[in-house]
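FYI, the numbering just counts along the sequence from 1. Small disclaimer: the values here were computed from a predicted structure and weren't measured.
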Amino acid sequence: MLPGTTDTLLQAKVRRPMNNSILGKMALKFVFLVSYFRTLFLARRFRTRAQLEAWQEKKVRAHVKWTRRNSSFYASLWSGLSDDEWRQFPRIEKADMMQNFTTLNTVGIHRDEAFALALRAEETRDFSAVLNGVTVGLSSGTSGARGLFLVDPSEQQGWAGTMLAKILPQPLWKPTRIAFFLRANSNLYQSVNKGTVRLEYFDMLKPLESHFAALETFEPTLIIAPPQVLRHLADALLGLRVRIQPLKIVSAAETLDPLDETVIEKAFGLPVHQGYQATEGFLAASCRLGTLHLNEDLVHVEREPLDPVSRRFVPVITDFRRRTQPVVRYRLNDILTEAREPCRCGSPFLALERIEGRCDDIFRLPVRAGEGALRVVFPDFIRRAIISAHDGISAYMAVQGKEGSVTVHVEVRTGTDPEVVEACILREFDALWKTLDVAPPRVVFERALPPLEGRKLRRVMSLFPGRDHTPC
């Protein structure tokens with residue numbers, strides 16, 4: 001938490017969103033089209049990484065200058081720094097943004113008023129309301145802390161143009177039907193509904209089977225959904241309980257596990273693309289070859305190293321196109337892994353090997369001879385030990401408890417002996433503990449997955465309170 005920053009700071013300047021007049025609507029349509037075509041062609045301007053970084057530097061400095069004038073929260077923290085010294089600006093995290101929400105945003109919206117509207121939308125399942133012409137959204141809070149986001153009409157149209165340019169399976173002028181699964185809808189998501197593009201929202205809080213008839217009638221060409229939904233759809237496809245043939249599928253909102261990815265690709269006969277969208281912005285998307293790239297045409301990403309050898313890092317982002325709720329040097333809680341080699345697609349944007357999960361998902365285990373010292377065990381180590389143990393595993397979840405023990409929930413395919421699977425997992429774990437030179441934790445098996453009850457799926461998660469011992 002940043003010292004001396006509270007909601008009692010001077011009220012931010014109030015910036016009025018674009019109005020709903022005829023001229024305003026024409027301007028918004030122009031914003032959408034410019035964003036779409038700029039996204040398609042901008043990356044081609046940069047022949048080298050150095051050119052991209054020089055362009056980003058100009059964008060960030062201009063954004064910082066604007067933010068200092070329009071957000072009293074940021075202005076109060078920037079004392080003594082010039083615009084070109086923005087890398088010395090203190091990093092902020094979700095707790096800072098939420099505590100100072102009222103003075104951070106530039107449209108005069110109070111945090112309590114925004115929360116009340118967002119919570120009312122969650123309860124009524126009506127997500128169409130706005131405050132002063134601004135869309136208010138509420139994040140799902142994977143780590144337990146829910147966050148607010150604000151976007152004005154111009155930002156919505158810019159986001160829609162960018163999103164469609166990056167994820168549509170075919171050009172904008174060809175008809176596309178998007179089936180969109182998420183816990184909550186938003187005016188932001190509905191802003192892609194225009195012209196040849198039709199987006200249909202499917203509420204994740206309803207049983208998935210209740211959507212099958214509507215999904216078949218809709219005949220989506222593109223499905224965007226969290227991995228848990230895509231996995232259930234894949235199982236339904238393989239069981240002939242639903243019949244759909246999209247041109248493209250995009251995994252979003254949760255970490256895509258390799259085990260789920262394999263099943264989904266087999267059922268749909270398609271590669272799984274990814275979209276990395278957070279409360280803080282649209283951060284990454286898969287290219288035509290399926291490689292996940294940071295959206296460096298939208299955000300500047302500083303890489304805080306976690307493990308340089310394995311290329312893992314925590315992203316610190318500055319979104320230089322977002323003004324209603326500025327995001328400057330915002331430290332996310334996610335673990336990203338840089339790809340070993342540049343992508344063959346030729347994009348100058350940084351290629352990612354994977355989104356591994358959150359820092360909260362890291363296991364901590366005592367070093368064998370460390371006298372209380374804890375060693376980081378990244379989620380991918382646990383994930384790969386389990387899925388490589390036996391090909392009869394159909395689903396799993398591994399949880400490190402508060403006392404340090406590990407509970408593995410595992411479901412197996414028909415005809416597979418669960419005791420054999422559990423023995424294989426223990427064998428893989430033993431090899432992992434020896435490699436990492438950590439004391440083996442107590443491992444307990446459960447033969448069913450715990451109910452999610454509307455929560456995000458996390459195949460690997462930790463409840464162990466030892467995270468202060470590590471950089472994450």
Side-chain angles (χ1 to χ4, degrees), residues 1-15 42-43 45-46 48-108 147 149-152 155 158 278-284 294-306 308 311-334 336 338 348-350 359 471-472:
M1 183 66 64
L2 296 174
T5 56
T6 69
D7 260 349
T8 59
L9 290 172
L10 292 174
Q11 181 64 37
K13 293 181 181 180
V14 176
R15 184 176 59 86
L42 179 63
R45 287 178 45 187
F46 309 115
T48 65
R49 180 78 191 173
Q51 288 179 336
L52 170 63
E53 290 174 352
W55 176 83
Q56 280 193 321
E57 182 72 19
K58 293 179 182 178
K59 289 290 184 180
V60 171
R61 288 188 185 186
H63 181 65
V64 164
K65 184 176 183 180
W66 185 94
T67 300
R68 292 177 69 181
R69 292 199 309 265
N70 290 275
S71 169
S72 58
F73 166 75
Y74 281 112
S76 70
L77 295 179
W78 215 289
S79 177
L81 295 176
S82 63
D83 297 338
D84 59 357
E85 294 177 302
W86 62 270
R87 286 181 177 83
Q88 298 179 40
F89 180 79
R91 298 175 181 181
I92 68 170
E93 298 187 6
K94 178 177 282 189
D96 304 306
M97 180 172 281
M98 290 303 99
Q99 180 180 346
N100 300 280
F101 182 86
T102 302
T103 52
L104 183 146
N105 79 78
T106 65
V107 288
F149 68 87
L150 302 176
V151 285
D152 71 11
E155 288 168 328
T279 306
E280 298 76 27
F282 183 26
L283 305 179
L294 290 175
N295 290 333
E296 294 184 286
D297 50 344
L298 307 175
V299 294
H300 178 277
V301 180
E302 299 170 71
R303 284 169 269 174
E304 179 183 304
L306 278 181
R311 308 176 308 285
R312 289 180 172 90
F313 67 93
V314 171
V316 180
I317 66 169
T318 298
D319 188 328
F320 45 80
R321 291 198 180 162
R322 192 165 173 186
R323 291 187 167 185
T324 304
Q325 184 181 359
V327 177
V328 179
R329 300 208 77 208
Y330 184 102
R331 185 184 188 276
L332 291 168
N333 194 33
D334 296 337
L336 309 184
E338 181 181 349
F349 303 155
L350 186 74
C359 290
C472 246

Checklist entry - Can you tell me if Q325 uses its side chain to pair, donor with acceptor, with the backbone of L150 under 3.5 Å? => result yes

Checklist entry - Does N100 use its side chain to pair, donor to acceptor, with the backbone of F73 at less than 3.5 Å? => result no

Checklist entry - Is the closest side-chain heavy-atom distance between P315 and L283 below 4.5 Å? => result no

Checklist entry - Would you say T318's side chain and R329's backbone share a donor-acceptor pair under 3.5 angstrom? => result yes

Checklist entry - What distance do K65 atom NZ and W78 atom CH2 have between them, rounded to the nearest 0.5 Å? => result 13.0 Å

Checklist entry - Side chain of N105, backbone of G108: donor and acceptor closer than 3.5 Å? => result yes

Checklist entry - Is the side chain of E93 donor-acceptor paired with the backbone N or O of L332 at a distance under 3.5 Å, no angle test? => result no

Next on the checklist: If you define the side chain from C-beta out and look only at heavy atoms, does anything of M97 sit under 4.5 Å from Y330?
Outcome noted: yes

Checklist entry - Considering residues at least two apart in sequence or located in another chain, which fulfil the side-chain hydrogen bond (donor to acceptor under 3.5 Å, both in side chains) criterion with Q51? => result none

Item to check | E155 bridged to R322 by N-O distance under 4.0 Å | outcome: no

Next on the checklist: Has N295 got a side-chain atom pairing as donor or acceptor with D297's backbone, closer than 3.5 angstrom?
Outcome noted: no

Checklist entry - Does some side-chain heavy atom of E338 sit less than 4.5 Å from a side-chain heavy atom of R303? => result yes

Item to check | Point-to-point distance, once rounded to the nearest 0.5 Å, from CG of L298 to NZ of K59 | outcome: 11.0 Å

Next on the checklist: Taking L104's backbone N and O only, do any of them form a donor-acceptor pair with S71's side chain (distance below 3.5 Å, no angle check)?
Outcome noted: yes

Item to check | Residue pairs fulfilling salt bridge (charged side-chain N to carboxylate O under 4.0 Å, His left out) with at least one residue in residues 73-86, sequence neighbours excluded | outcome: R68-D83

Next on the checklist: To the nearest 0.5 Å, what is the distance between CG on L42 and CZ on F349?
Outcome noted: 5.5 Å

Checklist entry - Do L294 and V299 touch side chain to side chain, with heavy atoms closer than 4.5 Å? => result no

Next on the checklist: Quick one, T324 and V151 - any side-chain contact, counting heavy atoms below 4.5 Å?
Outcome noted: no

Item to check | Y74 ring center near F89 ring center (under 6.0 Å) | outcome: yes

Checklist entry - So, for W66 and F320, is the gap between ring centers shorter than 6.0 Å? => result no

Checklist entry - Which distance, rounded to the nearest 0.5 Å, do you find between the CZ of R61 and the OG of S82? => result 8.0 Å

Next on the checklist: Donor-acceptor check, side chain of Q56 to backbone of E296, threshold 3.5 angstrom: yes or no?
Outcome noted: yes

Checklist entry - Just checking, any donor-acceptor pair under 3.5 angstrom between side chains of W86 and E57? => result yes

Item to check | Validation row: V314, N333 side chains within 4.5 angstrom (heavy atoms) | outcome: no

Checklist entry - Between the main-chain N or O of H63 and the side-chain N or O of R323, is there a donor-acceptor pair closer than 3.5 Å? => result no

Checklist entry - Does any non-hydrogen side-chain atom of H300 lie less than 4.5 Å from one of R87? => result yes

Next on the checklist: Is there a side-chain contact between R45 and W55 in this structure, where contact means two heavy atoms from C-beta onward sitting under 4.5 Å apart?
Outcome noted: yes

Checklist entry - Can any side-chain N or O of T279 pair as donor or acceptor with the backbone N or O of F149 at less than 3.5 Å? => result no

Checklist entry - Hey, are R331 and E280 close enough for a salt bridge, meaning a charged N less than 4.0 Å from a carboxylate O? => result no

